[in-house]
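Remember, it's 1-based here, ligands and their atoms both numbered in the order they're listed.
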Amino acid sequence: MQAIAREAGALLMEHFRRHVKIEYKGSADLVTIADRQSEALILERIRRSFPTHDVMGEEGTRIETGSDYKWYVDPLDGTTNFAHGYPVFCVSLAVEHRGRRIAGTIYDPTRDEMFTAEKGSGAHLNGEPMHVSSTAKLAESLVATGFPSHKRHKNPNIYFYHQLTLRSHGVRRAGSAALDLCNVAAGRYEGFWEFNLNPWDTAAGVLIVEEAGGRVTDFSGGPFQIASHETLASNGHIHGELLAEFQAIFAGRGLDAPPSPVAYAKEREP
Ligand code: IPD
Ligand code: CA
Ligand code: CA
C-alpha cells in the first residue's frame, strides 16, 4: 500500500510542480487530469497485485464482486488546495476485510510523510510509532474541521466553527480531511469533525486515529460507520467535552451569537 501511495503521490507532485499555477486559470482540467491519472495508477497497481479485491474509488472506480477485501481510494484528497497551488493534499488508501477496516495508508507528498496503520499493530509516521496527544482539556486544544464543497448553504457547520473557536486554542480548516485525521493521530490536533464526508475520505484516516490511541464516533458518541455522515475524531481525552459541546449546539443551548458586522461597521465610521 505504501509503495502505491508513494507512486501516486509522486504523480501528483509532477502535476503540482509543472502545471498547477498556469492551468488553474480558467480551467479545472488539470485537477481532473491529476485526480484521474492518480486513480488509474492506483487501480492498475491494486489489480496487478490483488486481482480479486473489490475497489471503490472517488473518481468512479467500482469493482464489486463480493470479495472479502475492499479498497477505498481517494487518489487526491484536497483537490481545491491542489488547484490553487496550496500544498496541503494527499493520497488515501484503505483496505477492509469482511467490512472491518484492517489497513490504512495516507501519503502527503508535499512533506514526504507516510501515515500508516494496521488493525491491532498501532499507527506509524514514516515508520516511527505515532500517538495522539495527551492534552486533556478542550480549552487547551487545537482542533480542525472542514466544510462541504456542495450544498454549503444547507450546512450548519459555521455555528460549530464559531463555538469551538471560542472554547479552544483555535479551529483550523486546512482542506484535506484525510490529513486532518492524520494530524489528530500525530498529536498535532486534539480533535477534528466534519459533516458529510465520503468513505474514501475517512476509511484510512479513521483507522490511523484509532490505532494511534484516539477515538472516532458520530456526533452523538455512537460508533463511526463508513457510510456515516458524521465524523468526530479526537485524542480520546477531549471526546466527552466535544460531544457535550455538540449536544449543546444542536439543542441551541449557550450559543454565542457572532458579533454583528453591521454594528462593527458603524463603530468604525469616522
Ligand atoms: C475534500 C477534502 C476537504 C473536505 C471535503 C472533501 P476532495 O475531498 O477532504 O477537506 O472538506 O468535504 O470533499 O474533494 O478534495 O477529495
Ligand atoms: Ca476527499
Ligand atoms: Ca479526491
Quick one about S228 and D218 (side-chain donor to acceptor, distance below 3.5 Å, no hydrogens or angles considered), yes or no? no
First locate atom CH2 of W200, then atom CD of E59, and finally report the distance between them rounded to the nearest 0.5 Å. 8.5 Å
Please list all pairs meeting ring pair (Phe, Tyr, Trp, His ring centres under 6.0 Å) that have one or both residues in residues 241-270, counting only residues at least two apart or in different chains. F160-F246, F160-F250, W193-F246, F219-F246
Suppose the criterion is side chain to side chain donor-acceptor pair (under 3.5 Å): which pairs have a residue in residues 116-131, not counting sequence neighbours? none
Is it true that Y189 and N235 share a donor-acceptor pair across their side chains at a distance under 3.5 Å? no
Under a 3.5 Å threshold, yes or no: a donor from one side chain and an acceptor from the other, between S92 and D201? no
Judged by modelled atom types alone, do H237 and T135 share a side-chain donor-acceptor pair under 3.5 Å? no
Report, as a single number, the protein N, O or S atoms less than 3.0 Å from the Ca ion (ligand 2). 3
Can you list every protein residue that has a heavy atom under 4.0 Å from any atom of ligand 1, sorted by chain and residue number? E58, D74, L76, D77, G78, T79, G146, F147, S149, G175, S176, A177, E194, L197, D201
Please determine, by modelled atom types, if D54 and T65 share a side-chain donor-acceptor pair under 3.5 angstrom. yes
Applying the 4.5 Å side-chain criterion to the ILVMFWY set and letting contacts propagate, would F192 and L243 be lumped into a single cluster? no
